[in-house]
Participant: 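Sending over a structure as structure tokens; questions will come in a sec.
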There are 4 protein chains.
Amino acid sequence: MNNIQQNFSESKKERILQAAEYIFGRENYASATISQIAKRANVAVGTVYEYFESKETLFFSIASEKCEIFDQELRLHLAGIVNVFEKIRKYVWLYFYYFQSEPMYSELLLLNMRVNKNFRGSPAYVWIQKSVGEIITVIEEGQREGLIITDVDAYTMRHMILGSLEHITTRWLLHGKDYDLLEYSEKISNLIIRALRRD
Amino acid sequence: MNNIQQNFSESKKERILQAAEYIFGRENYASATISQIAKRANVAVGTVYEYFESKETLFFSIASEKCEIFDQELRLHLAGIVNVFEKIRKYVWLYFYYFQSEPMYSELLLLNMRVNKNFRGSPAYVWIQKSVGEIITVIEEGQREGLIITDVDAYTMRHMILGSLEHITTRWLLHGKDYDLLEYSEKISNLIIRALRRD
Amino acid sequence: MNNIQQNFSESKKERILQAAEYIFGRENYASATISQIAKRANVAVGTVYEYFESKETLFFSIASEKCEIFDQELRLHLAGIVNVFEKIRKYVWLYFYYFQSEPMYSELLLLNMRVNKNFRGSPAYVWIQKSVGEIITVIEEGQREGLIITDVDAYTMRHMILGSLEHITTRWLLHGKDYDLLEYSEKISNLIIRALRRD
Amino acid sequence: MNNIQQNFSESKKERILQAAEYIFGRENYASATISQIAKRANVAVGTVYEYFESKETLFFSIASEKCEIFDQELRLHLAGIVNVFEKIRKYVWLYFYYFQSEPMYSELLLLNMRVNKNFRGSPAYVWIQKSVGEIITVIEEGQREGLIITDVDAYTMRHMILGSLEHITTRWLLHGKDYDLLEYSEKISNLIIRALRRD
DNA sequence: GATGAATGAGCTTTCATTCAT
DNA sequence: AATGAATGAAAGCTCATTCAT
């Protein structure tokens, strides 16, 4: 019975998180309201505060889950690929694929969360750092193998890669998500690889 | 006497703009208040509304001026350079240089304005499009000269360039602006050029 | 327990309505403030908005209740009276009696509400139309019975009747309500009946 | 030259009054603004305050002029008529005619001014009392001649007459002035005369 | 007399958060 | 644990009025 209650509670927490993802994505941090979220989650306003300390805590909690999933999927998708450039292609593809399949979350993360000065220091940030860190690993591997140039450091390379992906995805969001994000996957991978590959 | 008054008024408008740049940069669109801005500009709340229709108008007005200046400087800096890659290097350098010298404005533009859904359609956006359009011109010139590859379109290239610059600058902002942004200029230019150059 | 809460809430709503009646009557729509009303009702400003959508909604809500009561009382008072002219006398008497016993509401309705261009279309207006419509019924009845002249239409007659009552009541309000409104009841009824009666 | 200046000033005052009549009639006391009036009068905001102490003073000044005109016209129109009932018919007709030909002023007087608690005590009120007093004179004359009943006092009769006229005109205003007010002139006169005439 | 930029008190409305039940 | 009525601080914006020119 304790278990059942636990599950009950967890599903309520889950419902709140999902409602929050939807509402924060549709509106933005400032214009979204707790009562909108509570209504969508079919709980009372006060209940939201049983599970989350404040509006901001709730806001940052959303990303945590999604980032963890992304990180896990990333590992699975990269697993078994040997060639660094194939790994990079895969990374790019998964980034676009994931954001396109979670448009509300994309909106939330790229337009609202990243910009919030308190975001760093939130638990979600740790997960993001993990998946982002993965690229460094891949790049340094490529450098050790002699496939990737070494006169530019891996961190600058990562900035270029992430910057490109973010920019394209943000643009897609602001243009109303009315085209296929994956169209960019191959083209931008080609450019990135050209930039990194040792001649 | 008319002139003096004119100047007086202009300086008041100017003071409001500068106060707004500071406050909007420090806070964000939602949490900044008109009365904070008015206080900093040493004017009454109502005076802000003498010069700007609304909070949003004021918000977007700031960028307009800065973007115009950037666009003008860009033209001057590119003038006389013949080689496309040198032009790209210059663009990158100016981008970092300008944002580093206008940290409040950077904060405002990259963290707050770009993300605002009404930004597109504001007068500032037109200027941004102009300076951003300049890159396309440069790239296509390089493609016509046979120096830049043609199997990826100029627009995707632009996304990569701007994305890289934005990402690095945003990171710099979020890290408290405690290092020299220009350090990235050469490294990121090298990467970009490697990506675009025809072998 | 649910019931008690319900009652509690209703009494709070009631308190707000009464406070609003008082304040709107004393001031006028524009100069009355929500915070005055809240203070008088012993609730927080926000609480007013829990029960009423807006200042205007609250404003019009007051009349609705009162008009419904008047309409109901009117029916009761007219019931059982056979002679049309007695009915008209009763109508006149009730009008003065009701407004005199609800001076704040009179002030509100005759000086503020009637004049508001959005009043037509508010729920209160429907009730007013109902009680006002009652006169037409009475007059037409009298015409059918051959007691009331037919060379002037019932609507013009109604205008005369209501106009007289409104004018006298309005004057009473503006003169500080310092005399007995009912003194006019018989005199004005006599005049009205003289005007309508077939010789 | 003093004269010219005087005329200049007077015409400016006149322009402000006319603009005020228009604006106060279109909006209402609360929503009309001094700057709207100033703009329409082609003067600066401050100039309005050169001629009128405050918004309210200006508001009440409008009626004064119009009421004086009405009073003068009333005298002219009644002059030469011998029969009291013809005088009453003339009064009714002029009332409707005047208000229909000055719709802005009607709006102002009946919907806004009459309702303002400070109106009594304004100079306009004195003029209104004068023209309104004229009816009393007519009625008492009729009573002395034995044409009008004496068992109801002249003041109550006046209330009936003015109430009818006001009610019909107010209704006309609130219905968008989309029918001919003068249609009521004969019908309502007939009713009034039936009410007053000694058999 | 004439101007109109500047003022700032004051308004309605919103909403995160609390807490008695 | 769950509720949702109540709170009240705080925001954007307006506009009658003033006053230096």
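Computation of the quantities below employed the complete heavy-atom set of this structure, encompassing side-chain atoms and omitting hydrogens, waters and symmetry-equivalent molecules. Chain letters run A, B, ... following the sequence lines, proteins first, then strands; residues in each count from 1.
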Participant: Could you state the atom-to-atom distance from CD of Gln36(A) to C1' of dT17(E) in whole Å?
Facilitator: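 It works out to 16 Å between those atoms.
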Participant: Mind calculating the distance between CG (Asn42(D)) and P (dG4(E)) to the nearest angstrom?
Facilitator: 11 Å
Participant: Roughly what angle, to 10°, lies between the helix axis at the start of the helix from dA2(E)-dT21(F) to dT21(E)-dA2(F) and the one at its end, five pairs per end?
Facilitator: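 Axis-to-axis angle, ends of the helix: 10°.
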Participant: Cut-off 3.5 Å, side chains only: do Ser54(C) and Thr57(C) have a donor facing an acceptor?
Facilitator: yes
Participant: Return whichever of Ala44(B) or Thr47(C) has its heavy-atom-nearest nucleotide of DNA chain E closer to the 5' end.
Facilitator: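 Of the two residues, Ala44(B) wins.
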Participant: Arg120(A) side chain to Leu174(B) main-chain N or O, any donor-acceptor pair under 3.5 Å?
Facilitator: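 Yes, the answer is positive, given that a donor and an acceptor are paired below the 3.5 Å cut-off.
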Participant: Enumerate all atom pairs, one protein N or O and one N or O from nucleotides 9-13 of chain E, separated by less than 3.5 Å.
Facilitator:
from    : atom 1 : to       : atom 2 : distance (Å)
dT12(E) : OP1    : Ala32(C) : O      : 3.2
dT12(E) : OP1    : Lys55(C) : NZ     : 2.8
dT12(E) : OP2    : Ile34(C) : N      : 3.1
dT13(E) : OP2    : Tyr49(C) : OH     : 2.6
dT13(E) : OP2    : Lys55(C) : N      : 3.0

Participant: Are any non-hydrogen side-chain atoms of Ile128(A) and Arg114(A) less than 4.5 angstrom apart?
Facilitator: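 Counting from C-beta outward, Ile128(A) and Arg114(A) never come under 4.5 Å.
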Participant: To the closest 0.5 Å, what do you measure between CD1 (Ile62(C)) and CD (Gln18(C))?
Facilitator: 10.5 Å
Participant: Is a side-chain N or O of Ser64(D) found less than 3.5 angstrom from the main chain of Ser61(D), in a donor-acceptor match?
Facilitator: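 Between the backbone of Ser61(D) and the side chain of Ser64(D) there is no qualifying donor-acceptor contact (under 3.5 Å).
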Participant: In whole angstroms, how far is the C1' atom of dA11(F) from the CD1 atom of Ile23(B)?
Facilitator: 15 Å
Participant: Atom NZ of Lys13(A) to atom P of dA1(F): distance rounded to whole Å?
Facilitator: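 The distance from NZ of Lys13(A) to P of dA1(F) comes to 11 Å, rounded to the nearest Å.
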Participant: Has Lys55(C) got its NZ or CZ under 6.0 Å from the middle of the six-membered ring of Phe24(C), at an angle within 45 degrees of the ring axis?
Facilitator: no
Participant: Let me know the distance between NZ of Lys39(A) and C1' of dC15(E), rounded to the nearest Å.
Facilitator: 13 Å
Participant: To the nearest Å, give me how far apart CD1 (Ile37(D)) and C1' (dG4(E)) are.
Facilitator: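 To the nearest whole Å, that distance equals 16 Å.
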Participant: Could you tell me whether the side chain of Tyr51(C) reaches within less than 4.5 Å of the side chain of Leu58(C), counting heavy atoms only?
Facilitator: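 Counting from C-beta outward, Leu58(C) and Tyr51(C) never come under 4.5 Å.
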Participant: Rounded to whole angstrom units, what separation is found between the CZ atom of Phe52(A) and the P atom of dT17(E)?
Facilitator: 14 Å
Participant: Within less than 4.0 Å of OP1 or OP2 of dA5(E), is there a side-chain N or O belonging to Lys12(B)?
Facilitator: no
Participant: Quick one: Glu50(B) CD to dG8(E) P, roughly how many Å, whole number?
Facilitator: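 Spelled out: CD on Glu50(B) to P on dG8(E) is 13 Å.
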Participant: Any chance you could measure Leu173(C), atom CG, to Met104(C), atom CE, to the nearest 0.5 Å?
Facilitator: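 Interatomic distance, Leu173(C) CG to Met104(C) CE, rounded to 0.5 Å: 10.5 Å.
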Participant: Indicate yes or no: does Lys12(A) engage Glu50(A) in a salt bridge with an N to O separation below 4.0 Å.
Facilitator: no
